[in-house]
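Take a look at the structure below.
By convention in this document, chain letters (A, B, ...) are assigned in the order of the sequence lines, proteins followed by strands, and residues within each chain are numbered from 1. Keep in mind that this is a model prediction, so the values were computed, not measured.
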Protein chains: 2
Amino acid sequence: MELLDIGDVSERSGTSPSALRYYEKRGLIEAISRKGLRRQYEPSILPRLALIRLCQAAGFTLEETAEMLPDEPRFTLDRDKITARADDIDAQIEDLEKLSKLLRHIAKCTAPSHAECPNFQAVLNSLPHKKVPR
Amino acid sequence: MELLDIGDVSERSGTSPSALRYYEKRGLIEAISRKGLRRQYEPSILPRLALIRLCQAAGFTLEETAEMLPDEPRFTLDRDKITARADDIDAQIEDLEKLSKLLRHIAKCTAPSHAECPNFQAVLNSLPHKKVPR
DNA sequence: CTGCCACTTGAAGTCAGATTGAGGTCAACA
DNA sequence: TGTTGACCTCAATCTGACTTCAAGTGGCAG
């Protein structure tokens with residue numbers, strides 16, 4: 001059987017070994033065996049990690065992700081949660097579009113002070129209370 | 001003179017007193033005087049706080065924001081930084097659009113496993129390494 | 001004058017998602 | 001056989017933006 005050493009998994013998934021151990025502690029993944037002390041994984045760990053990355057990118061916490069990812073290789077994510085999250089993301093896209101427009105406006109607005117620019121005022125009040133991640 | 005007590009500022013800006021003190025410690029704002037121990041602010045603190053909120057929403061850290069906000073009431077943000085951030089945000093919007101589409105696909109895709117769905121594979125690889133804030 | 005109560009302080013705590021450090025193990029290569 | 005280097009464990013630390021805590025202060029209503 002072609003098991004993957006944690007080093008391979010780390011390299012091929014872009015997830016650091018410490019993160020993999022951390023995920024294991026949080027119940028997201030599992031090593032199928034050890035070679036000496038080293039964790040050995042089934043190749044299916046790779047798509048599983050991809051799915052974890054997806055969930056993270058979508059804003060699920062690791063805990064939520066752990067709940068959503070069943071143990072079997074055939075992961076079936078919760079469709080309602082997924083759809084709800086897609087809706088959230090769409091809403092956030094709208095906020096970000098406003099924000100981008102406002103920023104570009106500020107970059108070229110020559111009003112004596114932004115505080116006096118009606119455009120600025122208007123958008124500020126409809127600002128998202130979310131952050132843009134870095 | 002119409003100075004604002006920290007309590008007024010807190011209420012009118014939606015920023016908690018502890019956050020205002022925190023901003024002061026981080027060099028973003030300043031009280032113009034005290035009444036007893038209580039901080040008193042100039043009314044211009046309000047648009048300044050609005051601008052801080054904007055910077056935060058745009059993903060600047062408080063430190064970056066402090067650097068960008070000059071001391072004068074007439075704040076002129078750094079136009080290049082602002083534009084660069086707008087570009088970042090636009091890029092992120094694109095990522096989020098992909099993500100949303102992928103999520104909606106997953107919610108209705110009936111492939112035996114997402115790992116086997118070519119659509120899934122394709123989008124995963126172009127995934128942002130950023131998070132969606134909650 | 002008394003008491004209330006929102007403020008004051010500095011230090012410590014919170015959260016998520018890891019990373020880092022110290023001290024230890026072990027498979028593989030020369 | 002010895003060395004290397006990546007892994008191991010567990011606990012502690014980090015980041016950012018605050019909040020909470022305990023103990024203290026003081027303006028103002030009664």
Margin query: Counting the atoms with a prime plus P, OP1 and OP2 as sugar-phosphate, which does R21(B) contact under 4.0 Å by heavy atoms, base, sugar-phosphate, or nothing?
Written below: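 If one applies the 4.0 Å heavy-atom cut-off, R21(B) turns out to touch a base.
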Report yes if at least one side-chain N or O of [X] is closer than 4.0 Å to OP1 or OP2 of [N]; otherwise report no.
X	N	value
R39(A)	dC8(D)	yes
Q56(A)	dA18(C)	yes
S16(A)	dA18(C)	no

For [X], does the [atom1] atom have more than 12 heavy-atom neighbours from other residues, nucleotides or ligands under 6.0 Å away?
X	atom1	value
R34(A)	CZ	yes
E11(A)	CD	no
E63(B)	CD	no

Item checked: Salt-bridge criterion met for K81(B) and E64(B) (N-O under 4.0 Å) ->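 Result for this pair is no, no salt bridge flagged.
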Could you tell me the separation between the [atom1] atom of [X] and the [atom2] atom of [N], rounded to a whole number of Å?
X	N	atom1	atom2	result
I29(A)	dG17(C)	CD1	P	15 Å
E24(B)	dC18(D)	CD	P	15 Å
F60(A)	dG17(C)	CZ	P	13 Å
L20(B)	dT9(C)	CG	C1'	16 Å
I52(A)	dA16(C)	CD1	P	17 Å
L3(A)	dA27(C)	CG	C1'	16 Å
R53(B)	dA17(D)	CZ	C1'	16 Å
Q40(B)	dT8(C)	CD	C1'	13 Å

Taking only the side-chain heavy atoms of [X] (C-beta and beyond), determine which of [options] contains the nearest atom.
X	options	answer
A19(A)	dC8(D), dT19(C), dT19(D)	dT19(C)
I6(B)	dT8(C), dG17(C), dC8(D)	dT8(C)
Y22(A)	dG17(C), dC18(D), dG24(D)	dG17(C)
S18(B)	dT19(D), dG17(C), dA6(D)	dT19(D)

Next item on the list: Take K25(A) and S10(A), find for each the nucleotide of DNA chain D with the closest heavy atom, and name the residue whose nucleotide sits nearer the 5' end.
Entry: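 Of the two residues, S10(A) wins.
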Next item on the list: Identify, between P17(A) and L37(A), the residue whose nearest nucleotide on DNA chain C lies closer to the 5' end.
Entry: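 The residue whose closest nucleotide sits nearer the 5' end is P17(A).
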Margin query: If you assign each of K35(A) and R34(B) to its closest nucleotide in DNA chain C, which residue comes earlier from the 5' end?
Written below: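 Looking at the nearest nucleotide for each, R34(B) comes out on the 5' side.
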Checklist line | Derivation of the side-chain contact (heavy atoms from CB on, under 4.5 Å) call for L20(B) and E24(B) | finding: CA-CA 6 Å; L20(B) 291 172; E24(B) 181 177 309; over 6 Å; no
